[in-house]
Colleague: 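Below you'll find the structure I mean.
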Amino acid sequence: MDKVIEEEVSAQKKKKGITIGVIVLLILVSAVWFVRATLKSTISKAQITTGIVERGDVENTLNASGEVLPEFEEILTSPINASIKNVVMDAGNKVKAGQSILTLDKSASQTEFEKIKFQLQSKRNEISKLKLDLGKSFFDIQSNNDIKQLRISNLADAVENAKRLFKAGGGTRESIEQAQLNLKVAQLEKKQLENEIKSKQQTMQIEIKEAEIALAIQENDLHELQRKLQLANIIATRSGVVTYVNKNIGATVREGESLARIADLGSFKVNGSISDNYMDQLHNGMPVIVRVNEVQLKGHVVNVYPSVQNGIVTFDVQLDERNSKQLRPNMKVDVFLVTEVHSKVLRVTNGPTFKGPADQDIFVLNGGKAERRSVHMGLSNFDFVEIKNGVKPGDVVITSDMSEYKNAKELTIKD
């Protein structure tokens, strides 16, 4: 009996000890929470950044990268196979239309030009000879035809004489038939010769035409080579700045190889690139904001390249202010593609505090305090965030990261 009583007493003590432990733990947790809440109810003004609520436009944008390029850039290529003889202009030099950039050694092409000239003269002589030979041949055939005509006339007279002689009783019927046969043979021979003349005329015209075509081809080759030799004087066709020049004197260059580039630095465009995941949203005419240092330039997409390389699609942007002094060739810039715009809405400067869902809590300064407010967010971009409710124009919003104060309803701002 005593043993049962001792066990009951022991169990009660154990249960009481557990209860006391839980109560102590709850007190400690509450104390820690209270201390943290007390400590974090105050924040230094130097620790925060703020933005003033105002009315304005907010664009929803896609971030892309871009490179500034001259809007007009001419590439001068070698019109012939040659070697670089002398370089007159260096990259960075300003040039005017007609100024020499570099000179090429044209001796090999000049020799080829003279060779074609001799071949062309030879072809002309060949055509003249062909016309003479064909003319002589035609004349010979025509003479034979005239002789055949005379013979036919004689044979026709012979037939008539044979017929008269037969009527007079001095000839035979066989003589008439023989004379008629001779006449018929001569007529057939003449017809054959006439056909030969006709065929010879056609052949002569075809042979001369073929020779003239071959001559015309060689003349075109000569003119084309002459044009290339003139272009081999590498000169600027427009005023601008030399952005590149091949300075390897003595180096062999092939026809079509780039020798120099001349850019008009008074007008620029932007070549942008973005992930192909956004290709469906990218289209011509799309508004664009280009950030150059702290300056924003507006423009629009004018060309989307159909090819995709390494998951990247490229596009061209035409700027509204193409001659901005902020632009430099090959400068890297941030490009923002505008997909949607809300006009005359409440907005505030974007910052680390604006993250997560559309419904979130922010802190708004009111005197020396910062009050927690629940707001609904709209569009956002790199610069601004749209706030649809909970604030009014002129309110000062804390834009820095306030995640450490997520349990505080009000903060004291100290200087």
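Side chains are part of it too, since the values below use all heavy atoms of this structure and drop only hydrogens, waters and symmetry mates.
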Colleague: Considering the options Leu102, Ile101, Thr77, which one meets the side-chain contact (heavy atoms from CB on, under 4.5 Å) requirement together with Leu259?
Modeller: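 Among the candidates, only Leu102 passes.
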Colleague: I would like to know whether Asn60 and Thr339 meet side chain to side chain donor-acceptor pair (under 3.5 Å); could you show each step before the answer?
Modeller: CA-CA 6 Å; Asn60 194 42; Thr339 59; 3.3 Å; yes
Colleague: Keeping the roles fixed (side chain from Gln47, backbone from Ser44), state whether a donor-acceptor pair exists under 3.5 Å.
Modeller: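 Yes, because the side chain of Gln47 sits within donor-acceptor range (under 3.5 Å) of the backbone of Ser44.
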Colleague: Gln218 side chain to Leu215 main-chain N or O, any donor-acceptor pair under 3.5 Å?
Modeller: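 Here the side-chain-to-backbone pair does not exist.
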Colleague: Could you check whether Asn303 and Gln318, counting side-chain N and O atoms only, form a donor-acceptor pair closer than 3.5 Å?
Modeller: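 Looking only at side-chain atoms, Asn303 and Gln318 do not form any donor-acceptor pair under 3.5 Å.
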Colleague: Within the 4.5 Å heavy-atom criterion, are Val338 and Ile289 side-chain neighbours or not?
Modeller: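 In contact.
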Colleague: Between Thr399 and Thr49, is any side-chain donor less than 3.5 angstrom from a side-chain acceptor?
Modeller: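 Yes, because at least one side-chain N or O of Thr399 sits under 3.5 Å from a partner of the opposite role on Thr49.
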Colleague: Does the side chain of Asn366 pick up a donor-acceptor pair with the side chain of Glu371 at under 3.5 Å?
Modeller: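 Yes, Glu371 and Asn366 have a side-chain donor paired with an acceptor closer than 3.5 Å.
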Colleague: Main chain of Leu379, side chain of Glu386: is a donor-acceptor contact present, judged purely on distance under 3.5 Å?
Modeller: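 Side chain of Glu386 to backbone of Leu379, a donor-acceptor pair under 3.5 Å: yes, one is there.
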Colleague: If we count only N and O atoms by modelled type, under 3.5 Å, do the side chains of Ser374 and Asp361 hold a donor and an acceptor together?
Modeller: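 Short answer, yes.
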Colleague: What distance do Ile274 atom CD1 and Ile312 atom CD1 have between them, rounded to the nearest 0.5 Å?
Modeller: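 Here the rounded value is 8.5 Å.
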Colleague: CG/Leu188 to NZ/Lys184 distance, rounded to the nearest 0.5 angstrom?
Modeller: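 With rounding to 0.5 Å, CG (Leu188) is 7.0 Å from NZ (Lys184).
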Colleague: Minimum heavy-atom separation for Tyr405 to Phe363, with atom names?
Modeller: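 Here Tyr405 and Phe363 meet closest at O-CZ, 3.5 Å.
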Colleague: Only pairs at least two apart or in different chains count here, so list each salt bridge (Lys or Arg N to Asp or Glu O under 4.0 Å) that has a residue in residues 387-403.
Modeller: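 Applying salt bridge (Lys or Arg N to Asp or Glu O under 4.0 Å) to every pair that reaches into residues 387-403, excluding sequence neighbours, yields Lys355-Asp401, Arg373-Asp395, Lys392-Asp395.
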Colleague: Starting at CG of Leu346, measure out to CD1 of Ile387 and round the result to the nearest 0.5 Å.
Modeller: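 Between Leu346 CG and Ile387 CD1, I get 7.5 Å after rounding to 0.5 Å.
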Colleague: Would you mind listing every salt bridge (Lys or Arg N to Asp or Glu O under 4.0 Å) that reaches into residues 74-97, with sequence neighbours excluded?
Modeller: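 Sorted pair list: Asp90-Lys247.
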Colleague: Compare every heavy atom of Gly266 with every heavy atom of Asn323, then report the nearest pair and how far apart it is.
Modeller: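 Of all heavy-atom pairs spanning Asn323 and Gly266, the closest is CB-O, 3.1 Å.
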Colleague: More than 12 non-hydrogen atoms from neighbouring residues, nucleotides or ligands closer than 6.0 Å to CD1 on Ile52, yes or no?
Modeller: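 No - once you tally the heavy atoms of other residues, nucleotides and ligands closer than 6.0 Å, there are 12 at most.
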Colleague: Rounded to the nearest 0.5 Å, how far apart are CG of Leu365 and CD1 of Ile48?
Modeller: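 Result: 5.5 Å between the selected atoms.
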Colleague: In sequence, state the C-alpha distance, the side-chain angles, and the governing distance for Leu120 and Glu219, and then conclude on side chain to side chain contact (heavy atoms under 4.5 Å, CB included).
Modeller: CA-CA 7 Å; Leu120 197 60; Glu219 286 178 338; 3.5 Å; yes
Colleague: Restricting to non-hydrogen atoms, name the atom on Leu297 and the atom on Val292 that form the minimum distance, rounded to 0.1 Å.
Modeller: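 What the structure gives for the nearest pair is CD1-CG2, 4.0 Å.
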Colleague: Evaluate side chain to side chain contact (heavy atoms under 4.5 Å, CB included) for Thr50 paired with Val397, printing each intermediate quantity in order.
Modeller: CA-CA 5 Å; Thr50 60; Val397 175; over 6 Å; no
Colleague: Side chain of Asn246, backbone of Asn248: donor and acceptor closer than 3.5 Å?
Modeller: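 Checking the backbone N and O of Asn248 against the side chain of Asn246, a donor-acceptor pair under 3.5 Å is found.
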Colleague: Calculate, to the nearest 0.5 Å, the distance between atoms OG and CZ belonging to Ser267 and Phe72 respectively.
Modeller: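 Reported value, rounded in 0.5 Å steps: 5.5 Å.
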Colleague: Side-chain contact, heavy-atom cut-off 4.5 Å: Phe336 with Arg291?
Modeller: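 Result yes, sub-4.5 Å side-chain heavy-atom pair found.
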Colleague: Can you check whether Asn330 reaches Val68 side chain to side chain, under 4.5 Å on heavy atoms?
Modeller: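 With C-beta onward as the side chain, the pair stays apart.
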Colleague: Going through the checks in order, is the salt bridge (charged side-chain N to carboxylate O under 4.0 Å, His left out) test met by Lys123 and Glu126?
Modeller: CA-CA 5 Å; Lys123 179 62 72 174; Glu126 182 182 334; 3.7 Å; yes
Colleague: Might you confirm whether atom CD of Glu340 has over 12 heavy atoms from other residues, nucleotides or ligands at distances under 6.0 Å?
Modeller: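 Count over threshold, so yes.
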Colleague: If every non-hydrogen atom of Ala64 is compared with every non-hydrogen atom of Ser273, which pair is closest and at what distance?
Modeller: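 Shortest heavy-atom separation between Ala64 and Ser273 comes out as CB-O, 3.3 Å.
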Colleague: Under the criterion side chain to side chain contact (heavy atoms under 4.5 Å, CB included), I'd like the reasoning laid out for Ile362 against Ile398: C-alpha separation, chi angles, the key distance, then a yes or no.
Modeller: CA-CA 7 Å; Ile362 62 173; Ile398 297 178; over 6 Å; no
Colleague: Quick one: do the His376 and Asp359 side chains pair a donor with an acceptor below 3.5 Å?
Modeller: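 The criterion, which ignores hydrogens and geometry beyond distance, is satisfied for Asp359 and His376.
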Colleague: Specify the closest pair of heavy atoms between Pro352 and Ser400, including all atoms of both residues, with the distance to one decimal.
Modeller: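 Smallest heavy-atom distance, with atoms named: CD-CA, 4.1 Å.
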Colleague: Kindly give the heavy-atom pair with the smallest separation between Val333 and Glu67, and that separation in Å.
Modeller: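 Shortest heavy-atom separation between Val333 and Glu67 comes out as CG2-N, 4.3 Å.
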Colleague: Quick one: does Asn86's side chain get under 4.5 Å of Ile84's, heavy atoms only?
Modeller: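 Side chain of Asn86 against side chain of Ile84, heavy atoms only: no contact under 4.5 Å found.
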Colleague: Are Asp57 and Val345 close enough that some pair of their side-chain heavy atoms sits under 4.5 Å apart?
Modeller: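 With C-beta onward as the side chain, the pair stays apart.
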Colleague: Check whether any side-chain N or O of Thr349 sits under 3.5 Å from a backbone N or O of Phe384 as a donor-acceptor pair, and report yes or no.
Modeller: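 Not a single qualifying donor-acceptor pair exists.
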Colleague: Do any N or O atoms from the side chain of Ser275 and from the backbone of Asn277 form a donor-acceptor pair under 3.5 angstrom?
Modeller: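 Confirmed, Ser275 side chain pairs with Asn277 backbone.
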Colleague: Is any side-chain heavy atom of Val242 closer than 4.5 Å to one of Val245?
Modeller: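 A side-chain contact under 4.5 Å exists here.
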Colleague: Is it the case that atom CG in Asp280 sees more than 12 heavy atoms from other parts of the structure closer than 6.0 Å?
Modeller: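 Counting neighbours around CG of Asp280, 12 or fewer heavy atoms of other residues, nucleotides or ligands fall under 6.0 Å, so no.
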Colleague: Kindly indicate, with the supporting measurements, whether the criterion side chain to side chain contact (heavy atoms under 4.5 Å, CB included) is fulfilled by Leu76 and Ile262.
Modeller: CA-CA 8 Å; Leu76 301 178; Ile262 300 175; 3.9 Å; yes
Colleague: Quick one, Leu319 and Val270 - any side-chain contact, counting heavy atoms below 4.5 Å?
Modeller: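 Sidechains of Val270 and Leu319: in contact.
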Colleague: Is a side-chain donor or acceptor of Glu73 paired with a backbone partner of Pro70 at a separation under 3.5 angstrom?
Modeller: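 No.
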Colleague: Using side-chain heavy atoms (C-beta onward) and a distance below 4.5 Å, is Val391 in contact with Val53?
Modeller: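 Heavy-atom side-chain distance check passes, below 4.5 Å.
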Colleague: For the atom pair OG1 (Thr42) and CG (Leu411), what is the distance rounded to the nearest 0.5 Å?
Modeller: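 The CG atom of Leu411 is 8.0 Å from OG1 of Thr42, to the nearest 0.5 Å.
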Colleague: Look only at the side chain of Arg55 and the backbone of Arg347, and say whether a donor-acceptor pair between them is shorter than 3.5 Å.
Modeller: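 Judged by distance alone, no pair lies under 3.5 Å.
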Colleague: Just grab all the salt bridge (Lys or Arg N to Asp or Glu O under 4.0 Å) pairs involving residues 306-329, residues at least two apart or on different chains.
Modeller: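 The answer is Glu71-Arg322.
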Colleague: Decide whether Thr412 and Lys369 meet the rule of one side-chain donor and one side-chain acceptor closer than 3.5 Å.
Modeller: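 Yes, a side-chain donor-acceptor pair sits under 3.5 Å.
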